[in-house]
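Data first, discussion second: the structure below is written as structure tokens.
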Amino acid sequence: MLGAMRYSNCFIPTLRDDPADAEVISHKLLLRAGYIRRVTSGVYDYLPLALRVLRKIEAVIREEMNRAGAQELLMPMVQPGELWEKSERMEKYGPELLRFKDRHSHESCLGPTHEEVICDLVSRELRSYKQLPMNLYQVQSKFRDEIRPRFGLMRGREFVMKDAYSFHADAESLAAEYKNMFETYTRIFTRFGLEFRPVEADTGSIGGSDSHEFHVLAESGEDLIAHCSVCDYAANVEKAVSRRACVSGEPAALAMVETPAVTSVEDVADFLSVDIGLLVKTLVYRIHGGEHDGAIVAACVAGDDQVQEIKLAHVVGADSVEMATDDDIVSIGGVTGFVGPQQLSVRVLVDSRLQGATGFIAGANRRDTHVTGLDFGRDVPAAEFADLRETRAGDRCSRCGNEIELSRGIEVGQVFALGKRYTEPMEVVFQNQQGKRSVATMGCYGIGVSRLMAAIVEQCNDAAGISWPLALAPFQIGLISMGKSNAVRDASEAIHQQLLDAGIEVLWDERNERPGVKFKDFELIGLPFQIVVGDRGLKEDAVEIGWRQQQRRAVSVADAVKVVLSEFEQATSAETTVSEATVSEATVSEVTN
RNA sequence: CGGGGCGUAGCGCAGCCUGGUAGCGCAUCUGGUUUGGGACCAGAGGGUCGGGUGUUCGAAUCACCCCGCCCCGACCA
């Protein structure tokens, strides 16, 4: 009975209209085509069609992870608070970690990720370097209490993730596994036929040293990625480094200028009739976490740039930064609306693009006043220069000097070289070759499985609905019976059986519906191939076959299944050839740089 | 957390401004006619109008509170 399904017995609640509360295409289509239903904010039911696709995605991931030498296990969703205390993340992780007490008042949480649990497990069993390296992974539900779940499966609170954790005796071994996982991910996303890009990434709350994200390119993506138009450089804008020449002002003496009620850089530039790039934006932040938790700092960038807060946080050794309040600004000697870098009683970080800049305009820290002729070297001797600005389109690549472009991406995977961030506090130790106690070094590697399903829909759809790749479709074939004649029923039944015997997944639409309804439904749910059985064709002893949204052609009833199988074979072998070639090419160029 | 929008039948919506006891399309059910691209006719079922409090003779409609959903923002002084 493999794949045997009659439409009239299937739970496929399709909708004629787009649901009003869905915004992005994948959310709309997955709802309309009967794949998902919302249970509560950011939490969804996966209906039978969705589960079939999810299982196929997982199968590819498992296959590639296993091939890469990782072993699957399964860890719990509920985790004890002590582990998070031990890793020092109980406080740090913040409100995204859903905490609760069980009936014995035991502090617990729902796992947003599993570094703690896996480290706890491995620390208990690891004794010798001979057990290393090892890579353990699972496919499991995660819960993160997101500020704003949105876009359906794209940013849910509960979601399916493949997470892998590797343990090593030394940094070289970790580097090798990192590369191995990078290649594995490239292979996986290539097999899905996705247009994607690996990019350098910030390590975020997970911590560690080195990280790449894998982004599926899509307009609806929540991330911005910067990439060079010529070389391989690509990075999340949270991390991207690029160059742009600084607009240069004439060196001049420092002077005050009246700017009554003119505060924003745009307005000041207009008011003074100067290029916005000649202004200095001074932003005041309060920093959170790290050595200077709670301190206030000022950050300056050119008027046409934006402060990249994640970069700023790194520069000041904080976990995050937050815009200061008006009171904070006053307390450090600033005047809201007219803050400038001079005479502030806090650290002043200045974007390196402004190093050596002269003739700039900045707030004067005095009401309705700006200064002109600012020269950082001369007038702000305490300034500390660092890369603080966010890369924008048209910047120059810091590697090759060519133009930087920006794209939107959906982050579907990330690999981290964690080092000893977790193994140290969690005491994952072993005896090394010299018989000495040694702390293991660690990597972790995630793929958002449910998000990946949404990302695939974002790339694989048209006006009629979803257009699944053959390898991921919930059923490969939609078998449509037209009319109620015995001839149609018998021929359909026979073909249905032959397909099942051949191991093909087929959804047989034997409903008493008009043809238009059936075609629309199949196109909406996205089955890649159709076989149409009708009286018209049977008169000539023929049925029609064809790929979704393409012209169908007539083939004899007797040959139908054979012809379909050979079409599938061709399609599959074409895909594989492409994927092998692309994998090796992408791998070499990306990891080595 | 801030701003905006929304909440009326399974889905999409109207009605609300100007208070008088709920309607349209699709879907569903019954009967009939249809059957190669979301059929037609006739009939039927289905709604505590998100919840509460208040105003009023009377509330989907007005007021207040709460809940939920969606979008934007949570930064550019």
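Atom CG in A/D145 sits about 14 Å away from atom C1' in B/C1, given to the nearest Å.
In a base pair of the Watson-Crick type (N1 to N3 plus N6-O4 or O6-N4) or a G-U wobble (N1-O2 and O6-N3), with each distance short of 3.5 Å, B/C40 is matched with B/G32. Applying the Watson-Crick and G-U wobble criteria (two distances, each under 3.5 Å), B/G25 pairs with B/C11. For B/C64, the paired base is B/G52 (Watson-Crick or G-U wobble, both distances below 3.5 Å). Base pairing annotation: B/A77 forms no Watson-Crick or G-U wobble pair, as no partner gives both donor-acceptor distances under 3.5 Å.
Within residues 456-467 of chain A, no residue has any heavy atom under 4.0 Å from RNA chain B.
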When every nucleotide of nucleotides 33-46 of chain B is labelled 5' to 3' by its protein contacts under 4.0 Å (heavy atoms), B for base, S for sugar-phosphate only, - for none, what sequence of letters results? -BBBBBB-------
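Proximity of A/V350 to A/V380: side-chain heavy atoms (C-beta onward) are nowhere separated by under 4.5 Å.
Using a 4.0 Å cut-off, some side-chain N or O of A/S264 falls inside it from OP1 or OP2 of B/A77.
Pairs engaging residues 32-50 of chain A under the salt bridge (charged side-chain N to carboxylate O under 4.0 Å, His left out) rule: A/D18-A/R32 [sequence neighbours left out]. Sorted by first then second residue, the salt bridge (charged side-chain N to carboxylate O under 4.0 Å, His left out) pairs that include residues 279-289 of chain A, not counting sequence neighbours, are A/R286-A/D328.
Relative to the ring axis of A/F475, A/R52 places its NZ or CZ within 45° and under 6.0 Å from the centre.
Salt bridge A/R347/A/E384: present, at least one basic N to carboxylate O contact under 4.0 Å.
The side-chain contact (heavy atoms from CB on, under 4.5 Å) test applied to A/A473 returns A/W468, A/P528, not counting sequence neighbours.
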Polar pairs (N or O, both sides) under 3.5 Å between protein and nucleotides 67-72 of chain B?
from	atom 1	to	atom 2	distance (Å)
B/C69	OP1	A/S41	N	3.4
B/C72	OP2	A/R148	NH1	3.1
B/C72	OP2	A/R148	NH2	2.6
B/C72	OP2	A/R150	NH1	3.2

